[in-house]
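Have a look at the structure below, then the notes.
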Protein chains: 2
Amino acid sequence: MTDDEPWLSPDQQRAWRHWVALGTALPTALNRQLQEDSGLSLSDYDVLVALTEAPDGRLRVGDLASSLGWERSRCSHHVRRMAGRGLLDKTDHADDGRGAWVVVTDAGCAAIDRAAPGHARLVRDLVFADLSPAEVDVLQRALGAVVRRLG
Amino acid sequence: MTDDEPWLSPDQQRAWRHWVALGTALPTALNRQLQEDSGLSLSDYDVLVALTEAPDGRLRVGDLASSLGWERSRCSHHVRRMAGRGLLDKTDHADDGRGAWVVVTDAGCAAIDRAAPGHARLVRDLVFADLSPAEVDVLQRALGAVVRRLG
DNA sequence: ACGGAATAGTTGACACGTCACCTAAGTTGC
DNA sequence: GCAACTTAGGTGACGTGTCAACTATTCCGT
């Protein structure tokens, strides 16, 4: 399963270099555009998407965290900050005294509606431009495998 | 060039979800292992690699930044912190009174020597396991295209 | 050779993410 | 029905990255 030599092949190394470079550059570019368009950060955007896609438009903090692949404390911090800016509301969970629902406010809805088209277009133009469906499939499966290995 | 519809195809969306999830989870996993093995962060590691690969084992702050795809101020902050921990040294540039060389100290060399094998192995096992050379090539070209578009 | 523009690098304030630890509420075993 | 354990969530401290503004040096046109 794991080879004796720990090093990467030249091609793997090239791919990895690109990955590392993108790890900071791509989020930064997306953040800038979102900030400009709607005052949202990339993380804000992901939170809002997760919530608007949830069955009743609401999630518990822990479920939100795991649906985003975040740590609980990060999620807690971020929800507090977004609530402070009026994008989210937090209400007590009736059945479980420990839980708390997170809901999107009208301002949150407005913000994501303003942000979504430009964001989707930028992602498509930056990441998927000139990628054939077959290549997208390879990419999707490669990334999915890593996600599974980390999960 | 740019289609009218801003949205992503389902496959693109899947790939993008994975990408977003990995954007935090993978650096976190690598950071944890590096921290454990050698007390380095992922950024520390990248800085040390860039420097040890440079012609004379030294780079100016700006060149280091651009070779990592970082902003200058981030690089400046990070170099200062690493110098404070004894991993790097900063010396004045003779020819250009504005410049400053960044050099790896012995402690920095020792740290990266300790860190490298485990790091490379983890990257290979997490990212490249079960990826054929052809798939690595697709990945490498796809990522490279994004890097070029952002550059 | 001098004055303005570009360049190298730094700094401080702020938002973010992680870690270790904490509280409160539910769960389980006896 | 109570004590031990687990789970949901929050908190404070700390290191990191971005942005805007700053200083110091070099370049360049006239």
Side-chain angles (χ1 to χ4, degrees), chain A residues 20-36 39-47 58-85 87-102, chain B residues 20-36 39-47 58-85 87-102:
Chain A
V20 167
L22 289 182
T24 57
L26 187 51
T28 299
L30 296 172
N31 257 313
R32 273 204 264 260
Q33 195 216 26
L34 278 172
Q35 193 67 40
E36 177 92 5
L40 295 175
S41 73
L42 192 48
S43 303
D44 297 339
Y45 186 89
D46 292 337
V47 166
R58 60 183 192 175
L59 283 171
R60 299 174 56 162
V61 174
D63 294 340
L64 176 58
S66 65
S67 104
L68 291 166
W70 288 6
E71 311 214 346
R72 300 253 275 348
S73 92
R74 171 184 179 184
C75 199
S76 178
H77 280 306
H78 206 87
V79 165
R80 177 176 38 72
R81 287 185 290 239
M82 290 181 71
R85 290 190 287 144
L87 298 165
L88 301 179
D89 267 341
K90 264 183 359 184
T91 67
D92 287 357
H93 186 141
D95 298 350
D96 185 339
R98 298 167 300 182
W101 290 114
V102 183
Chain B
V20 168
L22 289 182
T24 57
L26 186 51
T28 299
L30 295 172
N31 256 314
R32 273 203 264 261
Q33 195 217 26
L34 277 172
Q35 193 68 41
E36 178 92 5
L40 295 176
S41 72
L42 191 48
S43 303
D44 297 339
Y45 186 90
D46 292 337
V47 166
R58 60 183 191 173
L59 283 172
R60 299 172 55 159
V61 175
D63 295 340
L64 176 58
S66 65
S67 104
L68 291 165
W70 288 7
E71 312 214 344
R72 267 134 77 302
S73 92
R74 172 184 178 184
C75 199
S76 177
H77 280 306
H78 206 89
V79 165
R80 177 176 38 74
R81 285 182 290 230
M82 289 180 73
R85 291 190 287 144
L87 299 166
L88 300 180
D89 267 341
K90 261 182 3 185
T91 68
D92 287 356
H93 186 140
D95 298 350
D96 185 339
R98 296 166 301 183
W101 290 114
V102 183

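Each chain gets a letter, A, B and so on, in the order its sequence line appears, and its residues count up from 1. Note that these values count all heavy atoms, side chains included, but never hydrogens, waters or copies made by symmetry.
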Exercise. Establish, with yes or no, whether the OP1 or OP2 oxygen of C:dT10 is under 4.0 angstrom from a side-chain nitrogen or oxygen of B:Arg98.
Key: no
Quiz item: Of all heavy-atom pairs between A:Ala65 and A:Glu71, which one has the smallest distance, and what is that distance?
Solution: CB-O, 4.1 Å
Practice problem: Ignoring hydrogens and angles, answer whether the base of C:dC19 and the side-chain atoms of A:Ser73 contain a donor-acceptor pair closer than 3.5 Å. | Solution: yes
Self-check item: Nearest-neighbour nucleotide for the A:Arg80 side chain, D:dT16, C:dG17, D:dT11 considered
Solution: D:dT11
Exercise. Quick one: label A:Arg81 by what it contacts on the DNA or RNA (base, sugar-phosphate, nothing), any heavy atom closer than 4.0 Å.
Key: base
Quiz prompt | B:Trp101 CH2 - C:dT10 C1' separation (whole Å) | solution = 19 Å
Quiz item: Which comes earlier along DNA chain D counting from the 5' end, the contact point of A:Thr24 or that of A:Gly62, where each point is its nearest nucleotide?
Solution: A:Gly62
Quiz item: Which part of the nucleic acid, if any, lies within reach of A:Asp96 when heavy atoms closer than 4.0 Å are counted: base, sugar-phosphate only, or nothing?
Solution: sugar-phosphate
Exercise. Would you indicate what A:Asp63 reaches in the nucleic acid, counting non-hydrogen atoms under 4.0 angstrom: base, sugar-phosphate, or nothing?
Key: nothing
Quiz item: Taking side chain as C-beta onward, heavy atoms only, is A:Leu87 less than 4.5 Å from A:Leu40?
Solution: yes
Quiz item: Which part of the nucleic acid, if any, lies within contact of A:Ser43, taking any heavy atom under 4.0 Å across all strands shown: a base, the sugar-phosphate backbone alone, or nothing?
Solution: sugar-phosphate
Quiz prompt | Given DNA chain D, 5'-ward residue of the pair B:Asp44 and A:Gly99, judged by closest heavy atom | solution = A:Gly99
Quiz item: Just how far, in rounded Å, is P of C:dA15 from CZ of A:Arg85?
Solution: 9 Å
Self-check item: Nearest-nucleotide pick for B:Glu71, side chain only, options being C:dC16, D:dC19, C:dG9
Solution: D:dC19
Exercise. Using only side-chain N and O atoms of B:Arg60, determine if any of them is under 4.0 Å from OP1 or OP2 of C:dG9.
Key: yes
Practice problem: Starting from P on C:dA15, measure out to CD on A:Gln35 and report it in whole angstrom. | Solution: 11 Å
Practice problem: Measure from the side-chain heavy atoms of A:His77 and tell me the nearest of C:dT10, C:dC16, D:dG12. | Solution: D:dG12
Quiz item: How close or far is atom P of D:dT18 from atom CZ of B:Arg72, stated in whole angstroms?
Solution: 14 Å
Practice problem: Using atom CZ of A:Arg32 as one end and atom P of D:dC19 as the other, report the distance to the nearest whole Å. | Solution: 5 Å
Quiz prompt | Gap between atoms NZ and C1', on B:Lys90 and C:dA8 respectively (whole Å) | solution = 12 Å
Quiz item: If you measure only the distance, is there a donor-acceptor pair under 3.5 Å linking the side chains of A:Arg80 and A:His77?
Solution: yes
Exercise. Identify whether any heavy atom of A:Asp95 sits under 4.0 Å from a base atom; if not, whether one sits that close to sugar-phosphate; answer base, sugar-phosphate or nothing.
Key: sugar-phosphate
Quiz prompt | Separation of D:dG17 C1' from A:Arg74 CZ (nearest whole Å) | solution = 13 Å
Practice problem: Determine, step by step, whether B:Met82 and B:Asp44 satisfy the side-chain contact (heavy atoms from CB on, under 4.5 Å) criterion, reporting the C-alpha distance in whole Å, the side-chain angles of both residues, the deciding distance to 0.1 Å, and the verdict. | Solution: CA-CA 7 Å; B:Met82 289 180 73; B:Asp44 297 339; 3.5 Å; yes
Exercise. Using side chain to side chain contact (heavy atoms under 4.5 Å, CB included) as the criterion, point out the one residue from B:Leu68, B:Val47, B:Leu88 that pairs with B:His78.
Key: B:Val47
Practice problem: Quick one: closest heavy-atom pair of B:Val79 and B:Leu64, and the distance? | Solution: CG2-CD2, 3.9 Å
Quiz item: Rounded to whole angstrom units, what separation is found between the CG atom of A:Leu64 and the C1' atom of D:dG10?
Solution: 15 Å
Quiz item: Nearest to the side chain of A:Thr28, which nucleotide is it out of D:dT18, C:dA8, D:dG10?
Solution: D:dT18
